[in-house]
Amino acid sequence: MERKVRVRFAPSPTGPLHIGGMRTALYNYLFARQQGGDFLLRIEDTDQGRFVPGAEDYIIEALKWCNISPNEGIGFGDGPHAPYRQSARKIMYREYVDKLIESGNAYYAFDTAEELEALRKNAEANKSSFAYNANTRKSLINSITLTTEECEKKLKNGDHFVVRFKIPELGQVMLKDIVRGDVVVEVSSLDDKVLFKSDGMPTYHLANVVDDYLMQITHVIRGEEWLPSAPLHVLLYRSFGWEQVMPQFAHLPLLLKPDGNGKLSKRDGDRLGFPVFPLNWTDPFTGEVSSGYRERGYSPEAFANMIAVLGWHPTGEQELFSMDEMIKQFSLERVHKAGAKFDPEKTKWFNQQYLKKQTDIELAQSLSQYIEKQPKYSCIEESRKELVFLETVCKLMREKVHFVHEIFDMAPYFFFEPQSYDESVISKKWNDDAEKVIQTYLQSLQTETEVKSNRYEELFKATCADLNLKDGQFVQILRVCITGMSGGAALYDTMALLGNDIVIARLKFALNKLS
RNA sequence: GGUCCGUUCGUCUAGGGGUUAGGACGUAUCCCUUUCACGGAUAAGACACGAGUUCGAUUCUCGUACGGACUACCA
């Protein structure tokens with residue numbers, strides 16, 4: 001019988017999600033939406049020692065920002081399988097561990113962490129390695145080596161114990177992975193992983209399998225770092241007798257560092273100057289702030305598009321995909337096998353592409369929000385904060401930027417009176433002729449009212465012609481006098497927007513400063 | 001070390017037994033343009049290596065090299 005597709009994103013709230021985690025969430029979401037299935041968010045907080053305040057809220061906020069909405073789970077209205085936080089499901093796991101112990105697939109182990117650590121160190125010193133497995137469990141302290149009485153006594157005593165999975169001695173596990181094909185592993189290479197910790201909490205392996213079963217998950221889409229433990233998970237399903245409803249696996253390629261090798265980590269962002277997180281994050285312990293894509297001015301659509309094509313691509317040469325297009329075209333079969341090196345440069349291009357799709361007024365609204373947060377906001381004249389003004393600014397600047405905020409950052413002359421003038425242009429082009437041109441132009445402007453863009457141009461050309469000079473040589477000078485800068489928006493349009501009074505004032509000021 | 005995964009321009013990728021191996025980012029040059037951009041055009045730039053299968057392999061198989069993940073009472 002065809003089951004309804006149900007997938008989950010199951011992060012651990014140990015810090016902010018980075019772009020790799022966001023991509024995993026996205027792929028789960030795309031797949032669920034395309035298949036008409038469910039997508040749920042489950043919080044895997046079985047390690048109480050790694051709890052980080054705020055991390056869970058961060059995850060929810062990041063998903064919402066990116067329009068990756070689970071239809072079930074923490075932060076999204078829960079659902080029929082609540083609770084969706086593993087710490088709140090704690091009591092359920094014990095029942096399942098007991099089943100495994102009863103069926104002989106798991107056993108109590110009483111070795112302390114220190115004892116095992118010593119064994120590991122020892123093995124390392126001998127250039128070998130220690131694993132709790134079929135060979136070594138016979139000589140360690142557990143319910144296999146202990147008599148039933150001894151074991152019960154220890155349990156009754158309240159001695160600390162863990163429950164370990166008993167890996168079969170012989171055989172192979174075959175894992176069918178949608179991305180990678182069949183992966184075969186000898187069970188003898190696996191070790192007896194802890195399923196149930198001495199603090200009464202399950203480990204990831206147990207909780208993940210039990211919850212996926214209970215929540216009727218059909219596809220496990222997760223990062224490649226889980227591939228090595230996937231055979232264990234298969235064995236777990238088998239031991240529980242759940243193999244018929246075992247989810248299909250799809251292990252996603254890793255996101256790699258832009259420089260060198262290795263998987264992208266939280267540190268790389270600060271080191272290389274680009275965000276690795278969707279949103280800003282302040283570490284609650286150190287106060288350290290890591291920057292996010294949202295705060296850097298990326299649109300969520302651009303962000304989603306850019307992470308989606310890092311490891312997945314449909315046939316053809318399309319690069320830009322709306323969320324709906326991605327939902328339509330996504331397929332796990334077309335996810336790459338190899339890891340993708342993250343390229344921070346290309347992210348800017350993606351944002352630019354999405355910026356181009358926005359209307360002037362939409363841009364003006366975003367720009368307005370940005371300007372309000374500027375320290376010099378109060379110095380800006382009121383009329384230049386108005387949307388109609390900003391709309392024209394955006395119209396003039398939109399082709400020149402990757403981000404809305406750059407409109408403000410790159411073109412301060414729309415908001416402030418220039419105080420200094422680009423030295424490279426002045427030193428090269430400011431001379432007696434230039435002064436004469438600006439002087440004459442200023443005079444003719446003073447006789448005009450309501451000057452339009454093409455009139456500014458006409459007048460400037462006429463001014464130069466009257467002086468027997470070529471206008472082309474002096475346009476740069478005019479630009480610098482008006483804006484202070486050597487590059488920027490279409491000059492005469494800029495002047496028209498600013499208005500004749502401002503233009504005259506700026507020319508006077510410049511003449512004063514430069515001559 | 002062991003287990004597993006991977007390898008097409010610098011990067012993201014399309015392709016796939018016979019192709020001038022395509023696109024995008026970035027880089028360079030040119031055109032457009034009074035600037036800066038946008039846009040357009042052009043250029044440089046890749047099938048890791050060695051065998052095998054085959055008339056033919058970048059594509060299939062096997063090795064080698066290189067890279068990566070995992071190897072906790074973390075997820």
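The sequence lines fix the lettering, A, B, ..., with proteins before strands; numbering per chain opens at 1. Please read these numbers as outputs of a predicted model, since none were measured by experiment.
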Can you check nucleotides 6-8 of chain B for protein contacts, nitrogen or oxygen pairs under 3.5 Å, and list what you find?
none

Exercise. Verify the distance criterion only: is there a donor paired with an acceptor across the side chains of A/Ser128 and A/Asn126 at less than 3.5 Å?
Key: no
Quiz item: If you look at every strand shown and take non-hydrogen atoms under 4.0 Å, does A/Arg334 touch a base, only sugar-phosphate, or nothing?
Solution: sugar-phosphate
Quiz item: Which nucleotide in the list B/C12, B/C4, B/C73 gets nearest to the side chain of A/Leu227?
Solution: B/C4
Quiz item: If you check every side-chain atom of A/Ala490, which of B/A75, B/U3, B/U35 has the closest atom?
Solution: B/U35
Quiz item: Within a reach of under 6.0 Å around CD of A/Glu124, are more than 12 heavy atoms found that belong to other residues, nucleotides or ligands?
Solution: no
Quiz prompt | Nucleotide of B/C73, B/C5, B/C70 approaching A/Pro228 most closely (side-chain heavy atoms) | solution = B/C70
Exercise. Name the orientation class of the two ring planes belonging to A/Phe460 and A/Tyr492 (parallel below 30°, tilted from 30 to 60°, perpendicular beyond 60°).
Key: tilted
Quiz item: How many Å lie between OH on A/Tyr108 and C1' on B/C73, as a whole number?
Solution: 16 Å
Practice problem: Verify the contact: side-chain N or O of A/Lys197 to OP1 or OP2 of B/C74, cut-off strictly under 4.0 Å; return yes or no. | Solution: yes
Quiz item: A/Asp111 near the nucleic acid: base, sugar-phosphate alone, or nothing, with a heavy-atom cut-off under 4.0 Å?
Solution: base
Self-check item: Pair assignment for B/C25, Watson-Crick or G-U wobble, requiring both distances under 3.5 Å
Solution: B/G10
Quiz item: Considering every strand shown, what is the Watson-Crick or G-U wobble mate of B/A46 when both distances are under 3.5 Å?
Solution: none
Exercise. Name the nucleic acid region contacted by A/Val162, choosing base, sugar-phosphate or nothing; use a 4.0 angstrom heavy-atom cut-off, strictly under.
Key: base
Self-check item: Minimum heavy-atom distance between A/Thr203 and A/Lys197, given as atom pair plus value
Solution: CG2-CG, 3.6 Å
Quiz item: A/Phe330 vs A/Tyr27 aromatic rings, parallel, tilted or perpendicular, using cut-offs 30° and 60°?
Solution: tilted
Exercise. Report yes if at least one side-chain N or O of A/Arg164 is closer than 4.0 Å to OP1 or OP2 of B/A72; otherwise report no.
Key: no
Quiz item: Within the structure shown, what part of the strands sits under 4.0 Å from A/Glu319 by heavy-atom distance: base, sugar-phosphate, or nothing?
Solution: base
Practice problem: Specify the separation, in whole Å, of atom CG of A/Leu206 and atom P of B/A75. | Solution: 11 Å
Practice problem: Give me the residues of residues 395-408 of chain A where at least one heavy atom lies under 4.0 Å from an atom of RNA chain B, by number, or none. | Solution: A/Glu399, A/Lys400
Quiz item: Considering all heavy atoms of both residues, which atom of A/Pro16 and which atom of A/Lys266 are nearest to each other, and what is their separation?
Solution: O-NZ, 3.6 Å
Quiz item: If you measure only the distance, is there a donor-acceptor pair under 3.5 Å linking the side chains of A/Arg180 and A/His251?
Solution: no
Quiz item: Between B/C73 and B/C66, how far is it from one P atom to the other, in whole Å?
Solution: 32 Å
Quiz item: Where along residues 46-54 of chain A does a heavy atom fall under 4.0 Å from RNA chain B?
Solution: A/Thr46, A/Asp47, A/Arg50
Quiz item: If each of A/His205 and A/Val309 is mapped to the nucleotide of RNA chain B with the nearest heavy atom, which maps nearer the 5' terminus, i.e. the 5' end?
Solution: A/Val309
Exercise. Examine distances only and state if a side-chain atom of A/Gln358 and a backbone atom of A/Leu355 form a donor-acceptor pair shorter than 3.5 Å.
Key: no
Self-check item: Closest listed nucleotide, where the reference is the side chain of A/Ala340 and the choices are B/U34, B/U13, B/A75
Solution: B/U13
Quiz item: Is the shortest side-chain N/O distance from A/Lys263 to OP1 or OP2 of B/C70 below 4.0 Å?
Solution: yes
Quiz prompt | Options B/G1, B/A69, B/C12, nucleotide nearest the side-chain atoms of A/Ser129 | solution = B/G1
Quiz item: Atom CG of A/Asn208 to atom C1' of B/C74: distance rounded to whole Å?
Solution: 13 Å
Quiz item: How far apart are the closest heavy atoms of A/Pro275 and A/Tyr293, and which atoms are they?
Solution: O-OH, 2.6 Å
Exercise. Scan residues 473-487 of chain A against RNA chain B and write down, sorted by residue number, each residue with any heavy atom closer than 4.0 Å; if none is found, say none.
Key: A/Val475, A/Gln476, A/Arg479, A/Ser486, A/Gly487
Self-check item: Partner nucleotide of B/G1 by Watson-Crick or wobble geometry (both distances under 3.5 Å)
Solution: B/U71
Quiz item: Would one find a side-chain N or O of A/Lys341 under 4.0 angstrom from OP1 or OP2 of B/U13?
Solution: no
Quiz item: Which base, if any, makes a Watson-Crick or G-U wobble pair with B/U19, both distances under 3.5 Å?
Solution: none
Quiz item: Rounded to the nearest Å, what distance is computed from the CZ atom of residue A/Phe196 to the C1' atom of nucleotide B/C74?
Solution: 17 Å
Quiz prompt | Rounded P spacing from B/U59 to B/U8 in Å | solution = 13 Å
Practice problem: Nearest whole angstrom, please: distance from the C1' of B/G39 to the CD of A/Gln353. | Solution: 12 Å
Practice problem: Determine the sole option in A/Tyr354, A/Phe350, A/Trp312 for which the ring-ring contact (aromatic ring centres under 6.0 Å, His included) test with A/Phe321 is passed. | Solution: A/Trp312
Quiz item: Choosing from B/A14, B/C38, B/A72, which nucleotide comes nearest the side chain of A/Thr315?
Solution: B/A14
Self-check item: Integer angstrom distance from the C1' of B/G26 to that of B/A46
Solution: 15 Å
Practice problem: Would you mind telling me which residue lines up with the more 5' stretch of RNA chain B, A/Met410 or A/Val184, judged by nearest nucleotide? | Solution: A/Val184
Quiz item: Is the CZ atom of A/Arg267 crowded by more than 12 outside heavy atoms at less than 6.0 Å?
Solution: no
Quiz item: Tell me, which of residues 12-23 of chain A have any heavy atom that sits under 4.0 Å from an atom in RNA chain B?
Solution: A/Ser12
Exercise. May I ask you to say what A/Lys356 touches in the nucleic acid, namely base, sugar-phosphate or nothing, with a heavy-atom cut-off under 4.0 Å?
Key: sugar-phosphate
Quiz item: Regarding A/Asp493 and A/Tyr456, is there a side-chain donor-to-acceptor distance under 3.5 Å anywhere?
Solution: no
Practice problem: Using atom CG of A/Asp211 as one end and atom P of B/A75 as the other, report the distance to the nearest whole Å. | Solution: 13 Å
Polar pairs (N or O, both sides) under 3.5 Å between protein and nucleotides 46-48 of chain B?
none

Exercise. Describe the nucleic acid contact of A/Phe350 in one word from base, sugar-phosphate, nothing, applying a heavy-atom distance below 4.0 Å.
Key: nothing
Quiz item: Where the side chain of A/Glu345 is concerned, which of B/A14, B/G26, B/G39 is the nearest nucleotide?
Solution: B/G26
Self-check item: Parallel, tilted or perpendicular: ring planes of A/Trp226 versus A/His233, cut at 30 and 60 degrees
Solution: tilted
Quiz item: To the nearest Å, how far apart are A/Trp226 CH2 and B/C5 P?
Solution: 18 Å
Practice problem: Fit a plane to each ring of A/Tyr298 and A/Phe403, take the angle between them on a 0 to 90° scale, and name the class: parallel (under 30°), tilted (30 to 60°) or perpendicular (over 60°). | Solution: perpendicular
Practice problem: With a 3.5 angstrom cut-off on both distances, give the Watson-Crick or G-U wobble partner of B/G52, or none if there isn't one. | Solution: B/C60
Quiz item: Within the structure shown, what part of the strands sits under 4.0 Å from A/Gly472 by heavy-atom distance: base, sugar-phosphate, or nothing?
Solution: nothing
Quiz item: Okay, side chain of A/Arg8, backbone of A/Asp212: is any donor-acceptor separation there less than 3.5 Å?
Solution: no
Quiz item: Do A/Tyr84 and A/Asp211 have side-chain N/O donor and acceptor atoms under 3.5 Å apart?
Solution: no
Quiz item: Rounded to the Å, how far apart are A/Trp349 CH2 and B/U11 C1'?
Solution: 13 Å
Quiz item: Any idea which of B/A24, B/A69, B/C73 is nearest the A/Lys346 side chain?
Solution: B/A24
Quiz item: Across the strands shown, which category fits A/Gly311 at heavy-atom distances under 4.0 angstrom: base, sugar-phosphate, nothing?
Solution: sugar-phosphate
